[in-house]
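Contents: one structure, followed by commentary.
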Number of protein chains: 2
Amino acid sequence: METLPDKTVERLSQYRRSLNNQLAKGKEHIFSHEIANLLHITSVQVRRDIMLIGYSGTLRKGYDIKELVHLIGVILDTDDGQKIAVIGMGNIGKGFIHYLYEKRSKLKIVAAFDINPEKIDKTYADVYCYHLDKLEEIIKKENIKIGIITTPPQVAPEIADKLANAGIKGILNYTPKPLSVPEDVYLEEYDMITSLEKVAYFVKEE
Amino acid sequence: METLPDKTVERLSQYRRSLNNQLAKGKEHIFSHEIANLLHITSVQVRRDIMLIGYSGTLRKGYDIKELVHLIGVILDTDDGQKIAVIGMGNIGKGFIHYLYEKRSKLKIVAAFDINPEKIDKTYADVYCYHLDKLEEIIKKENIKIGIITTPPQVAPEIADKLANAGIKGILNYTPKPLSVPEDVYLEEYDMITSLEKVAYFVKEE
DNA sequence: TTCCCATTGTTAAAATAATAACAATAATTT
DNA sequence: AAATTATTGTTATTATTTTAACAATGGGAA
């Protein structure tokens, strides 16, 4: 399949979670406008996204939730799952680990890294924390493909370099320090302060 | 001034922080391509953003960093600052408080809320944690205008309602539960799992 | 002094994303 | 059985964002 638009991929992730909730409630079929209401978006957008992934509903009955969830899985997941490392065991790093804990997801955080002796060689929500020195070794050994950087910003660039060298193919950068990575590494950056300043701006303006 | 485009506002926040770093290093003027390099974007984009906020550099000398930082402040900040509440003292809530701690920013987290007795009536990085029951009272009393929701997703909608009722004008929703708010409240949503699944998808595709 | 060149500021074009419009169709009502 | 209605799927339109193109300017070089 053609690579999907960024925003569609984001929504697929959200559709899936909402749809799983509905499944858990015993619902089997759903209309585009119902999905839209769950996410507070428009039904056109839902139908367009579903069109893009090549699924079809039935007129008057809507979409088969189970089938749709399955198809989203085929698109977003890999068969054997993807392994993730968290670099930086601060609040945000722990937050990620905690979020994914106990979710039977195809995404698995399999290692954490830090330099604080109090955190090293301990386990948080089943994730073992190694010294940062072991970064490349463990990533290669475990064949980890995704890294989440939640360190202090100053060290983020060198972490990114090490990750890329060790064979990581996707980086989620949570530090406010903009990174640059080799072409074959997918980079997603998110800056909490920027979000907050954005809210502040629009509050001020309206 | 006309309301600026979303993406420009986001970048202004980032320009400011990078420019402050440069100031701290003693640099006084900067070219658009230098700013671009710091953020790993293009110089056209930098110039266009700067045009939109109505600032002008000098040919051959670039932009006066101090002036530019000041102007971004005029645009993003309010004179007396904006007060913020964090609802949910988990990892992410603490992360936000920690991030803003000691930064002499116009954004000030002035209260946190939780229902866990171990957290209530304690202080984390100078932020006092109240019982959730006090939410509306404190928000009104302190005239808090922005709320960051970092609670478990199930309770997010009711928190949002309370915030809106108490007079909050901007909400940053960190839970994966999509919210809807009154028209006069600005809502920004961010979902960590979506980001991660997006990275996973593009890693898989490339 | 004249020409070159780096750099800005701005308009034009392209890419991406969201919304609107509407034809097709099958269930339901009359 | 015909008409109505709710809903999908898709194309067309509009809005937003990024990128490209390039004229203007003034400092420095020739």
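All chains are named by letter (A, B, ...) in the order of the sequence lines, taking the proteins before the strands, and each is independently numbered beginning at 1. Values below: all heavy atoms of this structure, side chains included; hydrogens, waters and symmetry mates excluded.
Closest to the side chain of Lys7(B), from the set dT19(C), dT18(D), dT25(C), is dT18(D). For Val44(B), whose side chain is taken as the heavy atoms from C-beta onward, the closest listed nucleotide among dT17(D), dA21(D), dT25(D) is dA21(D).
Classified by interplanar angle (parallel below 30°, tilted 30° to 60°, perpendicular above 60°), the ring pair Phe96(A)/Tyr174(A) is perpendicular. Note: Tyr124(B) and His98(B) have tilted aromatic rings, judged against thresholds of 30 and 60 degrees for the angle between ring planes.
The separation between Ile53(A) atom CD1 and dT8(D) atom C1' is 14 Å, rounded to whole Å. Separating the CD atom of Glu67(A) from the C1' atom of dT8(D) is a distance of 15 Å, rounded to the nearest angstrom. One can place CG of Leu59(B) at 6 Å from C1' of dG26(D), the figure rounded to the nearest angstrom. Rounded to an integer number of Å, the gap from Arg60(B) CZ to dG9(C) C1' is 16 Å. Across the protein-nucleic acid pair, Gln45(B) atom CD and dA15(C) atom C1' stand 13 Å apart, rounded to whole Å. Taking atom CG of Leu52(B) as the reference point, atom P of dT18(D) lies 11 Å away to the nearest angstrom. Remark: P of dA6(C) and NE2 of His33(B) are 11 Å apart, rounded to the nearest angstrom. For the pair Asp6(A) CG and dA15(C) P, the interatomic distance rounds to 16 Å; values are reported in whole Å.
Using a 4.5 Å heavy-atom threshold, the side chains of Ile146(A) and Ile171(A) count as separate.
Between Arg47(B) and dT19(D) there is no side-chain polar atom (N or O) within less than 4.0 angstrom of OP1 or OP2.
The backbone N or O of Tyr99(B) sits less than 3.5 Å from a side-chain atom of Lys103(B), completing a donor-acceptor pair.
Taking only distance into account, the side chain of Arg48(A) meets the base of dT19(C) through a donor-acceptor pair shorter than 3.5 Å.
Judged by closest nucleotide on DNA chain D, Phe31(A) is the one of Phe31(A) and Asp49(B) placed further toward the 5' end.
Ser32(B) comes within 4.0 angstrom of sugar-phosphate atoms only, judged by non-hydrogen atoms across all strands, and of no base. Here Ser56(A) lies in heavy-atom contact (under 4.0 Å) with sugar-phosphate atoms only.
Counting heavy-atom neighbours within 6.0 Å of Glu28(A) CD, excluding the residue itself, gives a total of 12 or less.
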